[in-house]
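Worksheet: one structure, shown below.
As a basis for the values below, the full set of heavy atoms in this structure was taken, side chains included, without hydrogen atoms, waters or symmetry mates. Proteins come first, then strands; the chains are lettered A, B, ... in the order of their sequence lines, and each starts at number 1.
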Number of protein chains: 2
Amino acid sequence: MNYSQQRNCILNIVVSNPIHPTAEQVYEIARRSYPNISLGTVYRNLNQLSEHGILKKICSSYGSVRFDGRTDPHFHMVCTHCGKVFDVELEELLSIKEKLSDMYGFDVINYEVSIQGICKECKNTEIA
Amino acid sequence: MNYSQQRNCILNIVVSNPIHPTAEQVYEIARRSYPNISLGTVYRNLNQLSEHGILKKICSSYGSVRFDGRTDPHFHMVCTHCGKVFDVELEELLSIKEKLSDMYGFDVINYEVSIQGICKECKNTEIA
DNA sequence: GAAATAAACGATAATCTTTATTAAATTAGT
DNA sequence: ACTAATTTAATAAAGATTATCGTTTATTTC
């Protein structure tokens, strides 16, 4: 399932831009290479790539879905001031799957930690 | 900020129905008491109550935002088969705030763990 | 308790995000 | 190069959420 220039372009954009872009952002970047690429194409491919585990969807309580080219276990902090998304490592979460299966009989397919707060930079500039 | 019969009704619905309802679901229930309540009123109040920390918004990668009357630290599992949302307790996550502040200089306002998988019941009925 | 002020409501339009449809173009296999 | 399958662009449609605005309801002041 890896043909079409557009799909490769979309994948590259997400992987090489670790800003956790929204579909709209991917679309804007993709248009530089494919000026009449359609937003529908972007959505379709982002969803297909996510379903195949090549990308990951990340959600937050506000705003659009974002996409992540990193698929190894890690989590996300969203700064509610500047909107940037940061990667976070939390080892204590890596054992969640087994724990939830034991405690609740739940087969974990995917899990996500979404943290909202104020990032270091915004904290500093606010003080100044 | 706690007047209006409609707001109290909406709050009661979310608190007394621990199904983590969507705005649409709250709307359907609220109409039993206030037949011409507006969906906009439901959204407005759910958001206001969330902003005041009286309710909590919960997001999942698919579907609408849901609301939770429990505001103490706990997390959520969504069954991708039946769509139900379950509460989860994970003590190892309760210290996230301090850890993220130490490691990343990030002031945590809120955090959310969203787990997708197949619940016990759906697993059993699938086998049968 | 009535009048004045502020907040919230209902109805509806508008917006934003995402998905579906379809004819034309592209890709893969022979 | 030819045929079948897949993908695309363009567009419409659907779904979720927010904004607008005149009217109603609640709070405050007298």
Check the orientation of Phe75(A) and Tyr111(A). Use parallel for under 30°, tilted for 30 to 60°, and perpendicular for over 60°.
tilted
note: His52(B), atom NE2; dA7(C), atom P; distance rounded to Å ~ 12 Å
For atom CD of Gln48(A) and atom C1' of dT19(C), their distance in whole Å
13 Å
Establish, with yes or no, whether the OP1 or OP2 oxygen of dC9(C) is under 4.0 angstrom from a side-chain nitrogen or oxygen of Ser4(B).
yes
Is it true that Arg70(B) and Asp68(B) make a salt bridge, defined as a side-chain N closer than 4.0 Å to a carboxylate O?
no
For His20(A), does its backbone N or O pair with a side-chain atom of Arg66(A) as donor and acceptor, under 3.5 Å?
yes
Where do Tyr27(B) and Leu39(B) come nearest, in terms of heavy atoms and distance?
CE1-N, 3.5 Å
State which of dA8(C), dT7(D), dC9(C) makes the closest approach to the side chain of Gln6(B).
dC9(C)
Compare side-chain N and O positions of Gln5(B) against OP1 and OP2 of dA26(D) and report whether any pair is under 4.0 Å apart.
yes
Restricting to ring-ring contact (aromatic ring centres under 6.0 Å, His included), what partner residues turn up for Phe86(B), sequence neighbours left out?
none
DNA chain D contacts made by residues 17-47 of chain A, counting heavy atoms under 4.0 Å:
Asn36(A), Ile37(A), Ser38(A), Thr41(A), Arg44(A), Asn45(A)
Distance-only donor-acceptor check, side chains Lys57(B) and Asn110(B), under 3.5 Å:
no
